[in-house]
Amino acid sequence: MDTGDQKSRGERERARSAEARSVRADAREADANERAVMADAREADADAREVTADKRKVNADLREVVADARAVEADAREVDADARQLLADVRQADAASQARHVEERMRAADERAVAAELRLAEANVHMQAAKEHLIAAAKQTATAEHRTEDAERLMSFADEQLVVAATKLAEATSDSEEYQRALFHYTQLVRHRMANPLQVIVGAAATLRARTDLPIDEHLALLDVIVKEAVVLERICLAPKIMNPSEDTLDPTPTLSGLASTAAPGGSSRP
């Protein structure tokens with residue numbers, strides 16, 4: 001394997017390592033987004049509970065106002081009954097004494113009627129306040145529901161991002177493991193196939209160094225042998241092929257799913 005191929009292989013390994021680190025960073029960022037979304041969901045849930053408490057308080061105030069209104073209505077009925085009783089007493093009593101008594105009772109009835117009207121006015125004020133509280137509680141409930149929906153959408157998006165990040169991380173890990181396996185097989189295959197050419201080259205070179213008196217034709221023949229075996233070594237290093245049944249279990253070429261779609265037209269995604 002020449003220096004250019006080694007550099008190219010090193011650059012591809014660094015690029016894949018950088019991609020794996022980028023995928024892990026995306027996974028961590030997606031996890032942080034999911035945690036932020038869960039925090040927003042908890043805050044929205046707390047707001048919804050506060051709105052529910054306000055609604056319960058408003059309902060209690062409304063019940064109290066209704067009770068006061070019923071009490072005022074009862075007082076008004078009692079006043080009306082007293083007035084009827086006074087009229088009945090007027091018909092049955094003496095004119096002068098009963099008239100004074102009736103006037104006193106009428107004044108008392110008037111005072112009670114005025115008090116009943118005041119209580120009724122207060123009840124109306126409480127009713128209006130209760131309606132305003134109910135309207136505000138309804139608005140807060142709608143806001144809380146909207147925030148809950150937003151939180152659910154963000155959680156769904158975070159889940160999708162986590163799935164994508166996990167898929168990319170799994171692909172990067174699988175590609176890295178495939179490269180490690182192919183490199184191991186490549187090393188085994190090349191080591192097994194390089195022994196004979198190296199022995200021939202070393203023997204021819206040793207002969208040339210020891211036999212400086214060789215005839216020119218034998219000298220050139222040894223050089224041809226060295227060149228031929230060097231070409232064999234180059235072919236073994238750059239494009240090793242399975243040539244022996246004992247090598248059938250070796251596969252020095254990695255199979256990468258991620259590079260199949262990014263390979264250049266007419267080129268190869270294999271190192």
Side-chain angles (χ1 to χ4, degrees), residues 15-80 112-178 256-262:
R16 293 185 186 92
S17 299
E19 182 179 359
R21 288 193 296 270
S22 176
V23 171
R24 294 188 184 96
D26 292 341
R28 295 190 186 99
E29 183 178 357
D31 184 64
N33 290 335
E34 183 178 10
R35 292 179 181 176
V37 169
M38 292 179 66
D40 291 340
R42 293 192 185 99
E43 183 180 356
D45 184 62
D47 292 340
R49 292 180 179 176
E50 183 178 357
V51 168
T52 302
D54 291 339
K55 288 182 66 176
R56 291 177 178 174
K57 183 178 179 181
V58 168
N59 289 331
D61 293 339
L62 183 62
R63 293 191 188 98
E64 184 179 358
V65 169
V66 171
D68 291 339
R70 290 177 179 175
V72 169
E73 185 179 2
D75 292 338
R77 290 177 180 174
E78 185 178 357
V79 169
D80 184 66
R112 293 181 67 179
V114 170
E117 289 177 356
L118 291 174
R119 293 186 66 181
L120 185 59
E122 292 177 356
N124 290 331
V125 171
H126 285 297
M127 286 283 290
Q128 185 64 29
K131 290 180 180 179
E132 293 176 356
H133 281 297
L134 282 174
I135 293 172
K139 291 181 179 179
Q140 292 183 4
T141 301
T143 302
E145 291 176 353
H146 181 68
R147 294 185 64 182
T148 302
E149 293 175 356
D150 291 341
E152 290 177 352
R153 283 195 296 270
L154 289 174
M155 286 188 67
S156 177
F157 177 74
D159 290 338
E160 293 175 358
Q161 293 299 314
L162 278 176
V163 171
V164 173
T167 302
K168 290 184 178 179
L169 180 60
E171 290 178 356
T173 303
S174 176
D175 291 348
S176 177
E177 292 175 352
E178 177 64 14
L256 304 178
S257 59
L259 296 180
S261 60
T262 58

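- Residues Q161 and N33 fail the side-chain proximity criterion, which asks for heavy atoms closer than 4.5 Å.
- Between E160 and V164 there is no side-chain heavy-atom pair separated by less than 4.5 Å.
- Between the S176 side chain and the A172 main chain, no donor and acceptor come within less than 3.5 Å of each other.
- Here D61 does not pair with K57 in a salt bridge; the nearest charged N to carboxylate O distance is not below 4.0 Å.
- For the atom pair CG of D54 and CD of E50, the computed distance is 5.5 Å after rounding to the nearest 0.5 Å.
- More than 12 heavy atoms of other shown residues, nucleotides or ligands fall within 6.0 angstrom of atom CZ in R153.
- The heavy-atom pair separating A158 from A30 by the smallest distance is CB-O, 4.4 Å.
- Atom-to-atom distance recorded for S156:OG and E34:CD is 10.5 Å, nearest 0.5 angstrom.
- Here the straight-line distance linking atom CG of D80 with atom CD of E78 works out to 11.0 Å at 0.5 Å rounding.
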For this session: Go through R147 and E43 one step at a time and tell me if the side-chain contact (heavy atoms from CB on, under 4.5 Å) criterion holds.
Result: CA-CA 9 Å; R147 294 185 64 182; E43 183 180 356; 3.3 Å; yes
For this session: Evaluate the criterion side-chain contact (heavy atoms from CB on, under 4.5 Å) for residue pair H126 and L62; output intermediate values, then yes/no.
Result: CA-CA 8 Å; H126 285 297; L62 183 62; over 6 Å; no
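- A salt bridge is absent between D26 and K168: the closest approach of a Lys/Arg side-chain nitrogen to an acidic carboxylate oxygen does not fall below 4.0 angstrom.
- Contact check for K55 versus T52: no side-chain heavy atoms found under the 4.5 Å cut-off.
- Residues A151 and D40 approach most closely at CB-C, 4.5 Å, considering heavy atoms.
- With a 4.5 Å cut-off on side-chain heavy atoms, R119 and D75 count as touching.
- Taken from CZ in R42 to CG in D45, the straight-line distance is 10.0 Å, to the nearest 0.5 Å.
- In this structure, L162 and D31 approach most closely via the heavy-atom pair CD2-N, 3.8 Å.
- Taking CG of D68 as the reference point, atom CE of M127 lies at 11.0 Å (rounded to 0.5 Å).
- Rounding to the nearest 0.5 angstrom, the gap separating the OG1 atom in T173 from the CG atom in L169 is 4.5 Å.
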